[in-house]
Novice: 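Before we start, here is the structure in question, set down as structure tokens.
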Amino acid sequence: MSMTITEKILAVHSGKVSVVPGELIKVNVDIALANDITAPLAIRVFDEMGVKTVFDQEKIALVPDHFVPNKDIPSARQAKIVREFARRHNIKHYFELGDVGIEHVILPEKGIVVPGDLIIGADSHTCTYGALGAFSAGVGSTDLGVIMATGQTWLKVPATIKLVFEGTPSRWVCGKDLILYSIGLLGVEGANYKTLEFSGEVIKNLSMAQRLTMANMAVEAGAKNGIFEPDEITRAYMENRSSMQGSFLESDPDAEYEKVININVDQMEPQVALPHSPDNVYPVSEVDPVVLDQVFIGSCTNGRTEDLQIAADILKGRSVAHGVRLIVIPGSPHIYKESIKNGTIETLLDAGAVIGPPCCGPCLGGHMGVLAEGEKAVSTTNRNFIGRMGHPKSDVFLASPAIAAASAVLGRIGSPDELLQPKF
Amino acid sequence: MKIEGRAWKFGDHVDTDLIIPARFLNVSDKDELAKNCFADLRPDFVKGVRPGDVIIAGSNFGCGSSREHAPWAIKAAGIKVIVAKSFARIFYRNAFNIGLAILESEEAVDMLSDGDQVSADLSSGKLQALKSGRHFSAKPIPAFMREIIEAGGLINYVKLKKAA
Ligand code: SF4
């Protein structure tokens, strides 16, 4: 029977020859993930179940990234619960400061997830690993606690919506713009309970960093997972990262899709999601030149080496506008080091940016850049809900690192083209 | 299981940041979480909510993050059932797992207003507006999920099954 890549991965992990959308299946989990916010609840569930040992100490990843370095006493207590659990159960993939970065950045980076895997995480952006050709989805802490004990969970096989990107993207259009455009098209619940499969000419040439950005935001359209067929770019990315090869699966040519949407990118401009919803998307030229207080470049969406480099290329020899705070947070210590070596960090500092330690930072209004009442920010993150980055009366505009960097210089929302073109 | 109380009405796309803003996520104690439920969206909620009250909401309720703190905050505040036009995937799963019932009914959401007295029968999915006497029916909850709710959540359910 012909299947999509998502159906193939689910079939393998449920011990079946084939699965169909709507079917309820019990699956074996390759990696179970939780962070400093969701793990303490999952650990409580695990302990309440009266289980003595985890299902596999090598298949659990505990990543304290949201409120670290500990922002206050209660969050220090949460981090301690995770640390003690990790020690007690000898969890292999537990990371401390200095080694820790944002969960969805370090799991692919350290080769903990590989193509064909099934990954379940107590974090909605677990869908990021679809970039590698894995099935990954977010759940809550109770589900995760049960998985830590049993290694299994139940899932409903999602129907797939295929997005086919064709054409030639213009200079500043990147993965972030493709996914923002798609979310604008589908709406925030347009893919609820479904899979998004990204394909087409444009996708074949997309770097892994950009694929990770796109898969990361699949959940913003309500999707269970967002997936790419692994290819040579995936193979090159995986090299020297993991001893496991993974399985490189593809959708069958006659696989059934619920919908196929063709998107031509020829005329596409960089996209911006206006407050307060990731589907409130407009081309940058149609966005009012809102005056900004803050620009944030980072997060599991756009905190990778390539993202920081794009921003630095635009900021080189320029300065952040007076009155704007530019906060940059590399997604992992490895990215931090790479960005020091390639000169990115120095360029950013010269332009007037402040660099934070690898963590989620202001993405969820936790710390290191919380917005005050009435403040406006451009952010490379994934959500601009009311109060997401601070005060309920602050505004967040979602965009790519290129738009964020240009806006930081302009002091208002704008495109890099405005910096490069001579003014008449 | 039958409950009765006032309706708290919300719009579409109530996300988990609105249910419990991230600045309150540095704890996992349920009663602490309940104190800040809808802190920004409806500051009157925590003071006014009584056991038996019902949340009535539009589509895509609970979208956003996977934080189970969101259904926990709602449950610990005294709510036993949420009726919405539709729910976001992870929230739907989390609610059942922790023993918070959720029902889907477009009609009930359209016809009920904030402050209305309502009764809800979780087993049959029947709702009633007490003043007008109007009945609405929600999609029935699958038997296996009803058992989870009646047990008080997935953990108790698993324990009960093991003991049986
Ligand atoms: S960077 Fe933001 S979206 Fe990503 S895991 Fe952290 S808080 Fe969540």
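Protein chains get the first letters and strands the later ones, always in sequence-line order, with residue 1 at the start of each.
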Novice: Return the minimal non-hydrogen interatomic distance between B:G64 and A:R383, and the atom names on each side.
Specialist: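 Scanning both residues completely, I find the closest heavy atoms to be O-NH2, 3.0 Å.
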Novice: Relative to chain A, which of B:P21, B:S28, B:A22, B:A39 shows the most heavy atom pairs under 4.5 Å?
Specialist: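 It is B:S28.
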Novice: How close do A:F67 and B:N26 get, heavy atom to heavy atom, and via which atoms?
Specialist: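 A:F67 and B:N26 have their closest heavy atoms at CE1-N, 3.9 Å.
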Novice: Do you know which of A:N382, A:N70, A:L364, A:L41 has the most heavy-atom pairs under 4.5 Å to chain B?
Specialist: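 Winner by heavy-atom pair count: A:L41.
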Novice: Given that the side chain runs from C-beta out, which part of B:F91 has a heavy atom under 4.5 Å from chain A: side chain, backbone, both or neither?
Specialist: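 Neither part; nothing is under 4.5 Å.
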Novice: Between A:R77 and chain B, which part of the residue has a heavy atom less than 4.5 Å away: side chain, backbone, both or neither?
Specialist: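 The answer is neither part of A:R77.
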Novice: Heavy atoms only, distances under 4.5 angstrom: which of A:V188, A:T38, A:I386, A:V45 has the most pairs with chain B? Name it, please.
Specialist: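 Max contact count across the listed options: A:V188.
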Novice: For B:R89 and A:G138, which heavy atoms make the closest approach, and how far apart are they?
Specialist: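 The pair with the smallest heavy-atom distance is NH2-O, 2.6 Å.
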Novice: As an exercise: rank A:V139, A:V146, A:L144 by heavy-atom pairs under 4.5 Å with chain B and give me the winner.
Specialist: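 Winner by heavy-atom pair count: A:V139.
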Novice: Heavy-atom distances under 4.5 Å only: say whether B:N94 touches chain A with side chain, backbone, both or neither.
Specialist: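 Looking at B:N94, just its side chain touches chain A.
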Novice: I'd like to know which of B:H13, B:R67, B:E68, B:R23 tops the heavy-atom pair count under 4.5 Å against chain A.
Specialist: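 Result: the option with the highest number of such pairs is B:E68.
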Novice: Could you tell me whether B:K9 atom NZ has more than 12 heavy atoms of other residues or ligands within 6.0 Å of it?
Specialist: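 Yes, NZ of B:K9 has more than 12 neighbouring heavy atoms, counting only those of other groups under 6.0 Å.
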Novice: Give, as side chain, backbone, both or neither, the part of A:E48 having an atom under 4.5 angstrom from any heavy atom of chain B.
Specialist: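 Both parts, backbone and side chain.
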Novice: Counting heavy-atom pairs under 4.5 Å with chain B, which one of A:V219, A:I73, A:D72 comes out on top?
Specialist: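 The residue among A:V219, A:I73, A:D72 with the greatest pair count is A:D72.
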Novice: Under a 4.5 Å heavy-atom cut-off, does chain A meet the side chain of B:S86, its backbone, both or neither?
Specialist: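 Answer is side chain: those atoms of B:S86 sit under 4.5 Å from chain A.
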Novice: Measure the NE2-CG distance between A:H391 and B:D40 for me, rounded to the nearest 0.5 Å.
Specialist: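 CG of B:D40 is found 7.5 Å from NE2 of A:H391.
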Novice: For chain A, which of B:N156, B:N60, B:L154 has the most heavy-atom pairs under 4.5 Å?
Specialist: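 Going by pairs under 4.5 Å, I would pick B:N60.
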Novice: Contact part of B:L18 toward chain A, heavy-atom cut-off under 4.5 Å: side chain, backbone, both or neither?
Specialist: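 It is the side chain, since no backbone atom gets that close.
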Novice: Return yes if a side-chain donor-acceptor contact under 3.5 Å exists between B:S65 and A:R388, otherwise no.
Specialist: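 Side chains of B:S65 and A:R388: no pair found under 3.5 Å.
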Novice: If I take atom CZ from residue A:F385 and atom CG from residue B:D15, how far apart are they, to the nearest 0.5 angstrom?
Specialist: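 One finds 4.5 Å between CZ of A:F385 and CG of B:D15.
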Novice: How close do B:F87 and A:N192 get, heavy atom to heavy atom, and via which atoms?
Specialist: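 That closest heavy-atom pairing would be O-ND2, 3.0 Å.
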Novice: Name the option with the most non-hydrogen atom pairs under 4.5 Å to chain B; the candidates are A:S124, A:G222, A:A42.
Specialist: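 Option with the greatest count: A:S124.
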Novice: Check this for me, if you would: do A:D143 and B:R93 make a salt bridge, where the nitrogen-to-carboxylate-oxygen distance has to be below 4.0 angstrom?
Specialist: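 Result for this pair is yes, salt bridge flagged.
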Novice: Between B:H69 and A:I37, is any pair of side-chain heavy atoms under 4.5 Å apart?
Specialist: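 Answer yes - side chains close enough.
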